[in-house]
Structure formats: C-alpha cells, structure tokens
Amino acid sequence: MKYPFQEIEAKWQKFWEEKQVYKTDLTNTDKKHYCLVMFIYPSGAKMHIGHWYNYGPTDSYARYKKLKGFNVFEPMGYDAFGLPAENYAIKTGIHPHDSTMKNINDIREMVKRMGAMYDWDAELMTCEPKYYKWNQWLFLQLYKNGLAYRKNAPVNWCTSCHTVLAREQVLNDGTCERCNSTVIQKNLTQWFFKITDYAEELLDGLNKIDWPEKTKTMQLNWIGKSLGAEVDFKVSGTDDQIKVFTTRPDTLFGATYMVLAPEHPLVDKLTASELKQKVEEYKDSIKLMTEIDRTSTVKEKTGVFTGAYAINPVTNKNIPIWIADYVLMTYGTGAIMAVPGQDERDWEFAEKFNLPIIRTVQPPEGFEGKAFLEDGPAINSDFLNGLYVDDAKKKIIEWLEHQGIGKHTINYRLRDWLISRQRYWGTPIPIIHCDSCGEVPVPEEQLPVVLPYHVNFKPDGGSPLASNEEFMNVKCSKCGTDAKRDADTMDTFVDSSWYYLRYLNPDYEGGMFDTKLANAWTSVDTYVGGAEHAVMHLLYARFIHKFLRDIKLVNSDEPFQKLIHQGTITNLGAKMSKSKGNVVDPNQFIHEYGSDVFRMYLMFMGPYDLGGDWSDKGIVGVDRFVQRTYSMFETNKDLAKKNKAFEKYDLAQLNDVEKGIYRKVNYTLDKINVELEHFRFNTAVAALMELLNEMKNLNECKPEIQLYSLERFSIMLAPLAPHLAEECWSLLGKEKSIFENPIWFEIDPIALTQDSITIVVQINGKVRAKIDMAVDIQEPEVKSLVFADDKVKSYTDGKQIVKEIYVPNKIYNIVVR
RNA sequence: GCCGAAGUGGCGGAAUUGGUAGACGCGCUGGACUCAAAAUCCAGUGGGGCUCAAACCUCGUGCCGGUUCGAGUCCGGCCUUCGGUACCA
C-alpha cells in the first residue's frame with residue numbers, strides 16, 4: 001500500500017497536539033536545551049522554501065536532542081511590526097493590523113502542517129501591546145541609563161520607505177535594506193541607542209561564543225576598533241585647533257598637509273575669502289553624492305585648498321589645509337593629518353595636487369612602491385629616528401601627552417543605533433515633548449503607550465501618528481500642561497533584540513520577562529537563521545542582552561551560545577523573489593509528497609550551511625525511501641506484540657545476514673549521532689538509506705533481530721521524518737508514541753569492530769591489490785600475506801624493494817625500483 | 001581592491017588526522033512483472049584502451065608547479081563562481 005501521508009501526517013499532528021507532547025516544562029532545567037529559529041516575518045501570507053529550509057532541519061535537530069534526553073524548548077512567533085504591512089495598507093487600504101493578523105493566522109496553519117515540535121503556549125507576536133509595552137519599558141531603562149538620547153545628525157533617509165534608517169540598514173550600493181531604493185542624507189533630530197558604549201564588550205564577547213568564524217569576522221569589522229592617537233594641530237595665525245585621529249602617530253614628521261571633511265565645522269571659518277567660492281562649489285558637489293559614491297575606492301581623488309595652514313607640532317612648519325570627500329565627518333574626528341609617505345590615499349592625493357612627500361619610515365632596499373606601509377626604522381623624524389613603528393608610536397604618544405597636545409585613543413567604526421522611524425506600524429516611542437519641560441519620559445505605570453488604530457497612512461514623509469490628535473495631545477506628566485507625544489515609532493530590530501527572553505513566558509506581567517526563567521534558560525543553546533542578519537539583528541541583540549544583564553535582568557553575557565546559518569536556496573541561480581518571478585511554492589510539494597518527504601529532501605540536497613540551487617529532480621528518491629520504509633514496517637506489523645528484543649546480541653550467535661544487519665544498525669546509530677550533532681543532515685539521511693538497503697533481507701533474520709533493527713530504525717528516522725517514524729513505531733505495536741516517551745538507543749561497541757579487513761596494497765603509490773585479512777594482525781604476518789599475492793608478485797619480482805610502509809588495517813605500500 | 005567560502009561523473013553531492021576517489025540519491029541502460037503502460041523489483045553505470053566477457057592497463061577531484069611511499073585533502077602561484085566589505089585616517 002502506498003504510504004497515505006495525508007491521513008498519517010494529520011493523525012500524528014492531532015495526536016501530538018492533544019497529548020501536549022511539545023509543551024516544555026520550563027521548571028525542569030536539568031538537561032535544558034533552548035533551540036531557537038529566527039521568528040517569522042509575516043509580511044506575506046505564505047511560507048516559502050527559505051522558511052522551510054530554516055525551520056524543517058532545525059526542528060529535526062531539536063527532535064534529535066529531545067530523543068537524546070534533553071528537555072528541549074522550541075518556540076515560534078511573529079516579528080509582526082514593520083514596513084511591508086504598512087506599505088500594503090497604503091496600496092490597498094487594508095489596515096496593517098488586519099492584514100498582519102490574517103497573515104499570522106495563515107502562516108500559523110502552514111507552520112503547523114510542517115509538523116514541527118513548537119511549544120505553541122510560548123507563541124508571541126510583537127505587534128501586541130502586551131509585547132511592545134516592554135519595548136517601551138526597555139527604552140525607558142536605556143533612557144534612564146543615558147543610553148537612549150536624541151541628537152540632530154545627518155541620517156540616512158529612504159526615499160521610498162519615507163523613514164530614516166540605521167547605518168547598518170543601508171546596503172553597500174547605497175540602497176535601502178528593505179526596499180532597495182535610494183537612500184539620501186538628511187539632517188534630523190532622532191533617537192539613538194548608545195551601542196557604542198558596549199563596543200569593547202561586543203568585541204570581547206566574540207571570543208566566548210560558538211559562532212561561524214565569518215559572522216564573528218563581520219561583527220569585528222563592523223565594530224572596527226583601531227588604536228591610535230588624537231593630535232591637536234594649531235591653525236596658523238588663529239587660536240583655532242584641529243583635532244585629528246591617526247593610527248600612525250609615529251609618522252607625524254611626515255605630515256605635510258591636512259585634510260578636513262567638507263562638512264567639518266571649521267571649514268567656513270578657515271577658508272580664505274578669495275577661495276570661499278571654490279570651497280562652496282566643492283561642498284555643493286559633495287552634497288549631491290551619497291555616502292556610498294563618496295567612498296568609492298575607484299574614484300579619482302578630488303579636493304580643494306582652503307587657503308589656511310596648520311602647524312605641524314613636531315616640525316613647527318606650516319602645512320596647508322585642504323578639504324576632500326575622502327575624509328568623512330562620521331569617522332574619527334572628521335579631520336586627518338596627511339602622511340603621503342606612509343599612506344596610499346594621501347600619496348595619491350599629494351601626487352595629484354603637488355603636495356610634498358616625506359618618507360618617515362625607511363623602506364627596504366629595492367622598494368619600488370609609492371607609499372610604504374610596512375614596518376621599518378623611522379627616518380627624517382628627529383628624536384624618533386631609528387625606532388621601529390611600535391616603539392616610535394609609544395615614544396611620540398608620550399611626547400604628545402607630555403606637551404598636552406595629544407593622547408592615546410581608541411576609535412571605533414561602530415556608530416550609535418538610530419531607532420526612530422517615521423512610520424506607523426511599530427512601537428510608539430514613550431516620550432512626551434513639553435514646551436516647558438522638554439523631553440519627558442512616559443511614567444512606567446502608564447505603559448503601554450498604545451498604538452492607535454486610526455491614522456492617516458499617506459506617505460508624505462511625516463509620521464502617520466502625527467495625524468491622530470487624540471493620540472498626540474497629552475498632558476505633560478511632569479507639569480501637567482499641554483504637550484505632544486513623540487510621533488515616531490521604533491525600529492523593528494528593537495522587537496527582535498529580546499524576543500527569545502519573552503518566549504519563556506509571553507504573558508508575563510511582572511516585567512519585561514521572567515528573570516528566573518531567563519537565568520535558567522538563556523543563553524539560547526542553538527540559534528539558527530540566515531547569515532543576512534550577521535551584523536544587524538545579531539549585534540543589536542547582543543547589545544541589548546548585555547544591557548539587560550547590567551540592569552540585573554539576566555545573568556548571562558551573551559544571548560546565543562551556538563549560532564548556525566542555513567544556506568540560501570536559490571532558483572535558477574538567483575535568490576527567490578516575487579520580482580524575479582522565480583519563487584518556488586513549497587505547498588505544491590507538500591500536497592504531492594507530504595511534509596516529511598519535503599523536509600527530508602531539503603535536508604538531503606546538500607550541506608545545510610551551503611544551501612544551493614533548487615531542483616525537484618531528486619525528491620522522488622526521498623519519496624521512494626519513504627515508501628520502502630513504510631512497506632517494510634507494514635510487512636512486520638505487530639512484531640513488538642509477540643517479541644522482545646535484547647539490548648545487545650552476541651555476534652557469534654547470529655547468522656551472516658543477521659550479523660550484517662546488526663552491524664549496520666549499530667554503525668548507523670553511531671553515524672547519525674555524529675552527523676546530526678553537527679547539522680550534517682544530508683549524510684544522516686544517506687546513512688539511513690544505506691541501512692534500509694542493508695535491511696532488504698530482514699526476513700532472513702530471527703524475529704527478535706528484526707524487531708531489534710526496526711525499533712532502532714524508527715528512532716533514527718524520527719528526527720528526520722517524525723510523522724512516518726511515529727507511524728512505523730506504532731505499526732510495530734508500540735503503545736507509547738516516540739515523542740511522548742522519547743528514547744534513543746545505545747550503540748553496541750562490539751558491533752562496530754570489524755573482524756576482517758581489506759588491506760590495500762600499493763606499489764609505488766598505485767593500488768595493485770586488495771587482500772582480506774583478520775583485523776589487527778602483526779606486520780610480519782601482513783607482509784607475508786601481501787607478498788604471497790600473485791599480483792603483488794608480478795609487480796615486485798625482479799625489482800629492488802626500496803621501502804615498505806604499513807598503515808595498520810589500511811594500507812601496505814611497497815616502493816620498488 | 002581587500003576578506004571569506006567553494007570548484008569532484010550527465011546532475012545533487014560523499015570521502016576521520018594525507019591512506020581504496022565517486023557513499024547515498026537522481027538520471028540513464030538492460031532485464032523481470034504487464035495485453036500494454038505507469039508503478040515496483042533486479043542488474044549495470046567516471047572517461048579511454050584491450051577483450052566475446054572477465055581479468056587487466058591507463059587517465060581522472062578548476063589550472064600550473066611543489067612536498068610525500070602516497071595529495072580531492074598539505075604548500076606556492078594562477079583561473080572561475082558565490083557571499084561579505086568598500087578611501088575607516
């Protein structure tokens with residue numbers, strides 16, 4: 001009979017739900033395992049292949065852990081706020097709340113059909129007041145601690161989303177991370193979270209977590225720590241000073257000019273009147289460029305002279321002050337001392353504008369390059385001469401500090417996290433703006449500031465909340481006079497920075513989350529999600545977690561101990577997207593083959609972290625495996641009712657077929673263990689297929705050996721194809737379901753030892769013979785067996801034997817001449 | 001440009017610390033079953049050579065070179081693809 005997956009998958013899903021098999025007892029923390037996938041963003045009503053690829057295999061891992069005796073917590077929820085729902089509202093008039101709720105309901109049904117062991121009691125959605133209330137509370141704690149502040153600053157403005165973006169949310173081609181349209185610079189007053197206060201700790205923490213190296217590297221580069229010095233330069237003929245940051249203070253004697261960012265506040269003041277027009281023109285030309293254009297490495301250097309001079313503090317010489325777009329106001333101090341001798345960009349600039357070049361590090365003989373960046377003895381540097389870079393740095397910093405014109409500094413590339421959004425569908429910022437009191441935090445007992453339902457969504461660039469007067473007009477909670485609420489909402493990355501803590505009790509009213517549970521259950525043991533979150537979500541969550549630790553709400557340093565990225569499933573070589581029209585709908589395959597086959601096929605396709613191009617070519621192979629498995633168990637129906645299998649068998653008591661199967665069962669147990677532990681699902685599935693092939697002759701075994709093998713087969717199958725495995729287990733006549741009463745079988749180590757082995761004989765490195773012999777026999781005996789072989793003889797007779805290498809139980813290599 | 005990963009049959013992909021390259025699956029070929037087809041089952045399947053056939057020989061893991069008794073795996077130099085990043089002072 002063909003495996004009736006519709007019926008059986010529905011049956012077991014119902015069973016699991018009714019028996020509450022996946023309800024995790026969070027009070028039992030004995031062998032806890034928090035297995036988390038990135039929650040779902042319900043912008044569309046459908047689950048696509050990428051979701052399946054993320055959730056299916058991760059669920060298999062969670063199930064494996066459960067069978068191994070872990071108390072596994074595997075929750076699912078909805079990252080429900082965000083722009084797409086709001087843009088959809090603008091287009092169709094359907095309110096974001098309504099479309100989101102509908103999407104969530106549809107998605108929940110689809111996720112359930114997948115058959116994952118989510119604890120649905122832990123389900124949460126970020127758009128509910130009972131969730132976002134705590135975003136607001138978090139905001140207030142950050143505010144109290146000086147980590148949430150408002151400033152007027154140039155910000156990234158997405159021309160299509162009509163909102164500001166954090167720097168991380170601008171892609172490297174200058175487009176918006178969400179919608180891919182152009183991002184421009186604007187000056188606005190916005191709320192920021194001071195993530196830079198945690199820069200050092202965010203770096204340190206990377207050493208303590210089990211994350212992919214490339215992800216850690218990305219965070220490392222994003223934070224971009226560099227050691228150097230700040231040096232004050234006097235502006236010649238004035239009292240002004242310009243502070244520069246440099247990583248190479250040792251090259252100070254070679255600083256032959258200075259460059260300011262065009263936006264630098266001193267530019268207007270410094271510029272000589274006859275050059276004002278040129279400088280203004282240059283500044284205007286920069287305004288039109290995005291930050292990305294400006295920072296293109298291929299672009300030729302541009303800049304203009306201001307007419308002013310600074311004084312090099314070590315040489316006391318006047319050096320010209322230029323402005324150029326390659327100096328950014330947003331990094332360091334917005335000003336540099338240019339040392340063309342030791343910096344490629346400065347060299348290029350100096351060459352183009354005929355500025356002096358002085359080498360202060362001696363390049364090796366024969367050096368033909370331009371700027372010399374390597375280590376070497378200092379030259380042309382007075383009291384530094386002869387010192388190598390590190391020593392020269394130390395000495396000059398001492399000197400600068402002694403003179404009171406500079407100091408050792410650490411600079412970071414990381415900037416504060418801009419969290420204001422001029423959008424509706426998000427968490428209202430809990431601040432009241434009062435004419436007399438300024439910014440006033442909403443008192444905690446008045447939270448949540450509920451997001452009103454009725455607003456005007458018109459995408460005119462203003463915050464939609466501003467259109468709701470009832471919402472906007474409040475009394476100042478300090479002085480009681482008329483005041484206004486903040487009309488902006490928070491970046492949705494705030495929501496996702498702590499949701500894993502809320503899952504533990506999403507209805508908790510005593511605080512942001514239940515600290516007792518959080519201390520017991522976090523860090524999350526295994527976190528699985530896309531690599532596209534390497535710097536944004538994963539950095540924000542680490543920051544927030546550390547802050548929550550500092551205010552004593554959690555006791556761990558890091559939110560996610562082990563991180564796994566699933567690869568991307570592409571179609572026809574491109575990422576699946578509606579606009580490309582290459583989206584593959586998983587439902588089609590669920591209908592035709594069922595959820596188990598589909599998830600197993602996704603796992604079988606290849607290495608989990610590599611992903612790959614979609615093809616349905618091989619899915620029939622997995623389907624055949626499922627059919628053959630099912631019929632094997634049907635043939636042996638009720639076997640467990642009449643028989644009992646021992647934990648172990650003595651190989652000597654088994655016939656050849658039994659021995660073969662017994663060995664393979666144990667070998668597979670071992671293999672599956674290792675493969676699943678490392679998220680190598682493809683080889684785990686292959687191992688089970690091999691076992692099934694071996695079990696072809698199961699009918700030649702005693703019933704108890706049949707049962708021994710089938711029991712183990714079902715349990716190994718259970719993480720990968722849970723519905724099928726439950727069905728097989730119950731076909732055997734087992735009373736308790738696998739996941740109701742999780743078990744995992746121990747390996748019989750004796751079955752893993754071979755008694756005979758094939759020795760490969762190589763002659764001059766080429767395989768010439770394969771000889772079977774008993775395992776672990778002594779080398780002289782091996783040698784005599786090898787040289788007794790006709791083929792070996794034919795290759796060695798009459799030749800001089802130069803060398804013999806024996807690798808026990810593997811290879812016998814003979815070198816002849 | 002820089003950083004990282006990858007490149008293995010017709011295809012997806014296997015291969016402990018260097019030790020039988022191609023597990024497992026798809027596809028294909030042949031056979032069984034069938035009136036026939038589908039499904040299923042059995043056998044074969046990297047290329048080339050020599051064979052009735054087997055045995056056997058030979059070439060083969062992106063390219064060139066090296067280390068080694070032995071290299072998909074290690075080293076040096078390239079090429080291609082895919083991610084990440086972009087003048088960070």
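Quick note on labels: first sequence line is chain A, next is B, and so on, each numbered from 1.
For the P atom pair drawn from B:A21 and B:C79, the interatomic distance equals 31 Å after rounding to whole Å. Look at the C1' atom in both B:G13 and B:U17: the space between them is 23 Å, to the nearest Å. Between the C1' atoms of B:A14 and B:G22, the separation comes to 7 Å (whole Å). Distance noted for atom C1' between B:G44 and B:C69: 35 Å (whole Å). Only the P atoms considered, B:U67 is 29 Å distant from B:A15, to the nearest whole Å. Here the separation of B:G30 from B:G19, taken at their P atoms, is 39 Å to the nearest Å. Using C1' as the reference atom, B:U34 and B:A39 are 11 Å apart when rounded to the nearest Å. Taking atom C1' on both nucleotides, B:C59 is separated from B:A53 by 23 Å, rounded to a whole Å.
Between A:Y540 and A:W417, the ring planes lie parallel to each other; the angle is under 30°, not in the 30° to 60° tilted range. Under the 30°/60° scheme for interplanar angles, the aromatic rings of A:F589 and A:W614 are found to stand perpendicular. A tilted orientation is assigned to the rings of A:F625 and A:F713, their planes being inclined by 30° to 60°.
Using a 4.0 Å heavy-atom distance criterion, A:E690 is classed as a sugar-phosphate-only contact. Base engagement by A:K770 is indicated by at least one non-hydrogen atom pair under 4.0 Å involving a base atom. Counting any heavy atom pair closer than 4.0 Å across all strands shown, A:D346 reaches no nucleic acid atom. Within 4.0 Å of A:R817, counting heavy atoms only, lies no atom of the nucleic acid at all. Heavy atoms of A:V807 sit under 4.0 angstrom from at least one base atom. At a threshold of 4.0 angstrom between heavy atoms, the contacts of A:V620 are confined to the sugar-phosphate backbone, with no base atom among them. Here A:T333 lies out of heavy-atom contact (under 4.0 Å) with every strand.
Here the nucleotide nearest the side chain of A:R628, chosen from B:C24, B:A89, B:G25, is B:G25. With B:A86, B:G25, B:G19 as the choices, the nucleotide that has an atom nearest any side-chain atom of A:I805 turns out to be B:G19. Closest to the side chain of A:K617, from the set B:C26, B:C57, B:C24, is B:C26. Checking B:C69, B:U16, B:U20 against every side-chain atom of A:V815, the shortest atom distance belongs to B:C69. Of the candidates B:G84, B:G27, B:A86, the closest approach to any side-chain atom of A:M218 belongs to B:G84. Nearest nucleotide to the side chain of A:K791, out of B:A86, B:C56, B:A5: B:C56. Closest to the A:N693 side chain, of the nucleotides B:A23, B:U20, B:G25, is B:G25.
Between the CG atom of A:L691 and the C1' atom of B:G25 there is a distance of 16 Å, rounded to whole Å. One interatomic measurement links the two molecules: CG of A:L220 to C1' of B:C88, which rounds to 14 Å at whole-angstrom precision. Taking atom NZ of A:K664 as the reference point, atom P of B:C24 lies 8 Å away to the nearest angstrom. Computed from coordinates, the A:Q627 CD to B:U40 P distance equals 8 Å when rounded to whole Å. In this structure, A:N809 atom CG and B:U20 atom P are separated by 14 Å, rounded to whole Å. As rounded to whole Å, 15 Å separates atom P of B:G19 from atom CD1 of A:I759. Atom pair A:Y593:OH and B:C26:C1' shows a separation of 12 Å (rounding to whole Å applied). The CG atom of A:L538 sits 15 Å away from the P atom of B:G84 (whole-angstrom rounding).
With its glycosidic angle more than 90° from 0, B:G13 adopts the anti conformation.
Phosphate proximity of B:A5 to A:K214: absent, as no side-chain N or O sits under 4.0 Å from OP1 or OP2. Residue A:R345 places at least one side-chain N or O closer than 4.0 Å to OP1 or OP2 of B:C88. Within the 4.0 Å cut-off from OP1 or OP2 of B:U40, at least one side-chain nitrogen or oxygen of A:R624 is found. Contact annotation: A:T683 does not reach the phosphate of B:C24 (side-chain N/O to OP1 or OP2, under 4.0 Å). Residue A:R768 has a polar side-chain atom (N or O) positioned under 4.0 Å from OP1 or OP2 of B:C57. In terms of phosphate contacts, A:K766 brings a side-chain nitrogen or oxygen within less than 4.0 Å of OP1 or OP2 of B:C59. Distances shown here put every side-chain N or O of A:K243 at or beyond 4.0 Å from the OP1 or OP2 atom of B:A89.
Ion pairing of A:E348 with A:R345 is absent here, as no side-chain N (NZ or NE/NH1/NH2) approaches a carboxylate O to less than 4.0 Å. Remark: A:K671 does not engage A:E690 in a salt bridge, criterion side-chain N to carboxylate O under 4.0 Å.
Side-chain N/O atoms of A:T360 and A:Q342 include a donor and acceptor closer than 3.5 Å. A donor-acceptor contact closer than 3.5 angstrom is absent between the side chains of A:E779 and A:Y812. Donor-acceptor pairing under 3.5 Å is recorded for the side chains of A:N411 and A:Y331.
A 4.5 Å side-chain heavy-atom check between A:Y608 and A:M603 finds every atom pair outside the cut-off. Counting heavy atoms from C-beta on, the side chains of A:F787 and A:T796 come closer than 4.5 Å.
Comparing A:T246 and A:M689 by the nucleotide of RNA chain B whose heavy atom lies nearest to each, the residue mapping closer to the 5' end is A:M689. A residue-by-residue look at A:N813 and A:Y795 shows that A:Y795 has its nearest nucleotide of RNA chain B further toward the 5' end.
When all heavy atoms are compared, the tightest approach of A:M337 to A:D346 is O-OD2, 4.1 Å.
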Seminar exercise, completed: Under the rule of Watson-Crick or G-U wobble with both distances under 3.5 Å, where | means paired to another strand and [ ] a crossing pair, RNA chain B maps to (((((((..(((......[....)))((((((.......))))))((((......))))..(((((..]....))))))))))))....
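Separation of the A:F349 and A:Y257 ring centroids falls under the 6.0 Å cut-off.
The one candidate from A:V622, A:V626, A:V620 that meets the side-chain contact (heavy atoms from CB on, under 4.5 Å) condition with A:Y593 is A:V620.
Each salt bridge (charged side-chain N to carboxylate O under 4.0 Å, His left out) pair with one or both residues in residues 242-255 of chain A, not counting sequence neighbours, appears once here: A:E230-A:K243, A:D232-A:K243, A:R248-A:D250.
Evaluation of atom-type donor-acceptor distances gives no pair under 3.5 Å for the side chain of A:E213 against the base of B:G4.
Within residues 669-682 of chain A, the residues approaching RNA chain B are A:N682, by heavy-atom distance under 4.0 Å.
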